[in-house]
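Below is one structure; the comments refer to it alone.
Residue numbers run from 1 in the order of the sequence given. FYI, side chains are in, hydrogens and waters are out, and symmetry mates aren't considered; it's all heavy atoms of this structure.
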Amino acid sequence: MSKLSSRMNKRVAALTPSSILTFNQKISKIPDIVKLTLGEPDFDTPEHVKQAAIEAINDNESHYTNSRGTLGLRKAATHYLDKKYGVEYDPETQILITAGATGAIYSALTAMLNPGDTVIIPTPIFPLYIPIAMLGGAKPIFVDTSGNGFILSPEKLQQAIEENKDTVKAVILNYPTNPTGVTYHKEDLQKLADVISKYDIFVLSDEIYSELTYDGTHVSMGSILPEQTLVMNGVSKSHAMTGWRIGMICGPADVINEIGKVSEFTITSATTNAQAAAEEAFKNGMDDAAPMRAAYIKRRDLLIDGLSKAGFSCPNPNGAFYIFAKIPDSLNQNSVEFCNQLADEAKVAVIPGASFGPGGEGYVRISYAASEADLKKAIERIQKFAEQKV
């Protein structure tokens with residue numbers, strides 16, 4: 001150990017590496033493993049989007065852009081959000097292009113949090129928000145939604161705010177939700193907005209899976225409570241562009257100004273040719289997600305049918321590409337032990353529900369952003385595994 005390691009930031013030292021990535025790396029060494037672990041679409045980036053990046057490179061667009069992103073991309077992104085979800089933003093002042101949605105989350109929480117603040121986080125949820133909040137010196141306040149169909153109720157939200165009203169700075173929403181695939185409808189959001197509007201707090205609305213909404217049209221919290229909401233989105237899931245790392249955050253101009261400082265000091269600006277690709281995606285790929293969405297619905301139905309025959313139960317996902325399945329009572333209810341056993345004995349890798357916070361234990365997250373062939377193989381192996389354990 002380096003003699004200087006003890007002088008590192010104590011908040012960083014208190015964090016542990018992502019349990020999801022750690023588990024995925026561990027099981028990747030198992031021969032013939034079927035991996036249903038990560039949220040990585042198995043589709044290719046659309047050709048017209050790739051070509052836009054190639055043209056940008058050939059045109060020597062290899063220099064820094066405005067730290068907020070190219071104006072062309074910001075205009076295309078705001079037009080896309082307006083056309084899709086009816087949220088209106090000024091491309092000059094109300095949108096910031098970030099290094100993926102992760103960059104939006106980091107910059108927003110870093111800009112708003114002071115030591116001693118609290119952040120309300122409904123769980124089970126993708127755990128990324130938790131360490132970022134802690135790096136800012138804030139305390140996560142977990143609200144277990146497992147008893148309410150994995151939806152944050154206005155009553156639970158009201159209670160959490162009142163119990164922390166002297167410190168609460170923000171509420172996190174992520175929908176369609178990772179890991180459950182559950183989403184919020186307009187009436188759900190309006191009830192939450194009615195509670196939040198009574199307090200001077202932010203809503204960080206992570207809507208990266210908005211285009212993978214199966215039941216009706218996605219409703220953005222930004223259309224309901226625009227003065228308090230920061231909407232995060234991007235091209236990772238809608239256009240199969242996870243590795244391009246282009247996200248965005250939109251909201252009140254004065255708030256975006258402050259978030260923009262953090263982003264500028266962190267990354268200077270997003271990658272130039274990737275911004276050109278994202279601009280093309282928003283301009284001419286308005287419906288690029290449609291074939292992916294249709295494929296995901298088919299895969300979801302295939303997986304739910306196969307899992308139910310193996311004794312698993314789960315909420316029917318109406319968005320994203322995850323199933324949050326309840327482990328059958330006849331099997332090990334410790335999700336970490338169960339997932340290790342499933343990987344070792346059945347050669348199928350899924351993520352322990354415990355990784356997603358309170359309410360996740362006893363469940364597993366299964367990603368169906370994988371080929372139909374892999375899903376069928378996984379189902380066959382899971383069913384055989386469950387039969388052998390009865």
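- Of all the heavy atoms in Ala370 and Leu375, the pair that sits closest is O-CD1, 4.1 Å.
- Checked against Met248 for a side-chain contact (heavy atoms from CB on, under 4.5 Å), the options Ile95, Leu73, Ile208 give a single hit: Ile95.
- Linking ILVMFWY residues whenever their side-chain heavy atoms come closer than 4.5 Å, directly or via other members, leaves Tyr363 and Phe312 in distinct clusters.
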Would Ile246 and His239 count as a side chain to side chain contact (heavy atoms under 4.5 Å, CB included) if you check the C-alpha gap in whole Å, the side-chain angles of each, and the deciding distance to 0.1 Å? CA-CA 11 Å; Ile246 296 293; His239 294 81; over 6 Å; no

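- When atom types are taken as modelled, the side chain of Arg293 and the backbone of Glu211 share a donor-acceptor pair closer than 3.5 angstrom.
- Judged by distance alone, the side chain of Asp117 and the main-chain N or O of Asn114 form a donor-acceptor pair under 3.5 Å.
- Classified by interplanar angle (parallel below 30°, tilted 30° to 60°, perpendicular above 60°), the ring pair Phe385/Phe338 is perpendicular.
- Residues Glu61 and Thr272 bring no donor and acceptor atom of their side chains to less than 3.5 Å of each other.
- Atoms CD and CD1, on Glu187 and Ile224 in that order, are 9.0 Å from each other to the nearest 0.5 Å.
- Inter-residue side-chain proximity for Phe23 and Asn340 is flagged as met; some heavy-atom pair is nearer than 4.5 Å.
- Residue Asp200 qualifies as open at atom CG: its count of foreign heavy atoms under 6.0 Å is 12 or below.
- Side chain to side chain, Tyr129 and Asp206 meet the donor-acceptor criterion of an N or O pair below 3.5 Å.
- At most 12 non-hydrogen atoms from other residues, nucleotides or ligands lie less than 6.0 angstrom from CD of Glu88.
- Taking the six-membered ring wherever Trp is involved, the centroid distance between the rings of Phe356 and Phe150 does not fall below 6.0 Å.
- Summarising the local packing, NZ of Lys198 is surrounded by more than 12 heavy atoms from other residues, nucleotides or ligands at distances under 6.0 Å.
- Hydrophobic cluster membership differs between Ile97 and Ile105, with clusters built from Ile, Leu, Val, Met, Phe, Trp and Tyr side chains linked at under 4.5 angstrom.
- Counted within 6.0 Å of CD on Gln25, heavy atoms from surrounding residues, nucleotides or ligands total 12 or fewer; the atom is thus considered open.
- Paired with Ile120 under the rule side-chain contact (heavy atoms from CB on, under 4.5 Å), one option of Val171, Asn164, Val203 passes, and it is Val171.
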Please report the C-alpha distance between Thr229 and Ser205 in whole Å, then the side-chain angles of each, then the deciding distance to 0.1 Å, and finally whether the side-chain hydrogen bond (donor to acceptor under 3.5 Å, both in side chains) criterion is met. CA-CA 7 Å; Thr229 301; Ser205 192; over 6 Å; no

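- For Val235 against Ala278, the heavy-atom pair with the smallest separation is CG1-CB, 4.2 Å.
- Using a cut-off of 4.0 Å between Lys/Arg side-chain N and Asp/Glu carboxylate O, Glu264 and Lys261 are scored as not salt-bridged.
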Starting from the C-alpha separation in whole Å, work towards a yes-or-no answer on salt bridge (charged side-chain N to carboxylate O under 4.0 Å, His left out) for Lys165 and Glu162. CA-CA 5 Å; Lys165 63 181 179 181; Glu162 280 297 314; 3.4 Å; yes

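- If you check the side chains of Glu207 and Tyr184, you find no donor sitting under 3.5 Å from an acceptor.
- One distance of note links CD1 of Ile121 with CG of Leu173; it measures 11.5 Å at 0.5 Å rounding.
- Following chains of ILVMFWY side-chain contacts shorter than 4.5 Å, one can reach Met112 starting from Tyr106, so the two form part of one hydrophobic cluster.
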Take Lys283 and Glu280 through the test salt bridge (charged side-chain N to carboxylate O under 4.0 Å, His left out) and record every step on the way to the result. CA-CA 5 Å; Lys283 273 185 176 178; Glu280 170 65 19; over 6 Å; no

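- Ring to ring, Tyr209 and His218 are not that close: their centroids are 6.0 angstrom or more apart.
- When side chains are defined from C-beta on, Val255 counts as touching Phe202, because their heavy atoms get closer than 4.5 Å.
- A heavy-atom distance below 4.5 Å is not found between the side chains of Thr37 and Ile20.
- When all heavy atoms of Pro17 and Thr22 are compared, the pair lying nearest together is CB-OG1, 3.9 Å.
- To the nearest 0.5 angstrom, Arg74 atom CZ is 9.0 Å from Gln275 atom CD.
- Hydrophobic clustering, with ILVMFWY side chains joined whenever heavy atoms are under 4.5 angstrom apart, keeps Val336 apart from Ile125.
- Taking both residues in full, the closest heavy atoms of Tyr214 and Gly319 are given as CD1-N, 3.4 Å, listed atom of the first, atom of the second, then distance.
- Atom-to-atom distance recorded for Thr183:OG1 and Asp215:CG is 9.0 Å, nearest 0.5 angstrom.
- Proximity of a side-chain donor or acceptor of Thr98 to a complementary backbone N or O of Gly100 within less than 3.5 Å is detected.
- With hydrogens and angles ignored, the 3.5 Å screen pairs no side-chain donor or acceptor of Asp305 with any backbone N or O of Asp301.
- Distance check, rounded to the nearest 0.5 Å: CD1 of Ile161 to CD1 of Ile141 gives 11.5 Å.
- Around atom NZ of Lys191, no more than 12 heavy atoms belonging to other residues, nucleotides or ligands sit under 6.0 Å away.
- Ion pair Glu372/Lys376 flagged as a salt bridge, since at least one NZ, NE, NH1 or NH2 atom sits closer than 4.0 Å to an Asp/Glu carboxylate oxygen.
- Val262 and Leu109 fall within a single hydrophobic cluster, where Ile, Leu, Val, Met, Phe, Trp and Tyr are joined by side-chain heavy atoms under 4.5 Å apart, directly or via other members.
- Each of Pro358, Pro124, Ser153 was scored for a side-chain contact (heavy atoms from CB on, under 4.5 Å) with Thr145, with one residue passing: Pro124.
- Lys84 is not listed as a side-chain neighbour of Ser238, based on a closest heavy-atom distance of 4.5 Å or more.
- When the shell of 6.0 Å around CD of Gln341 is examined, it contains more than 12 heavy atoms from other residues, nucleotides or ligands.
- No side-chain heavy atom of Tyr368 sits under 4.5 Å from any side-chain heavy atom of Lys298.
- Annotation for Lys50: atom NZ counts as buried by contact number, over 12 foreign heavy atoms lying within 6.0 Å.
- The nearest pair of heavy atoms linking Leu230 to Pro252 is CD2-CD, 4.2 Å.
- Of all the heavy atoms in Glu337 and Asn332, the pair that sits closest is OE1-ND2, 2.9 Å.
- Side chains of Tyr64 and Thr268: a donor-acceptor N/O pair is absent below 3.5 angstrom, by distance only.
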Determine whether Ser335 and Glu361 satisfy the following criterion, side chain to side chain contact (heavy atoms under 4.5 Å, CB included), listing intermediate values before the conclusion. CA-CA 6 Å; Ser335 60; Glu361 187 55 277; 2.7 Å; yes

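- A donor-acceptor contact closer than 3.5 angstrom is absent between the side chains of Thr70 and Thr65.
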Candidate pair Lys237 and Phe321, rule side chain to side chain contact (heavy atoms under 4.5 Å, CB included), full reasoning: CA-CA 10 Å; Lys237 315 301 183 182; Phe321 38 59; 4.0 Å; yes

Could you walk me through whether Ile249 and Ile259 satisfy the side chain to side chain contact (heavy atoms under 4.5 Å, CB included) test, starting with their C-alpha distance in whole Å, then the side-chain angles of each, then the deciding distance to 0.1 Å, before giving a yes or no? CA-CA 9 Å; Ile249 184 165; Ile259 297 171; 4.0 Å; yes

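- Inspection of the Gln159 and Glu163 side chains reveals an N or O donor paired with an N or O acceptor under 3.5 Å.
- Judged by distance alone, with hydrogens and angles left aside, the side-chain atoms of Thr110 form no donor-acceptor pair with the main-chain N or O of Ser107 at under 3.5 Å.
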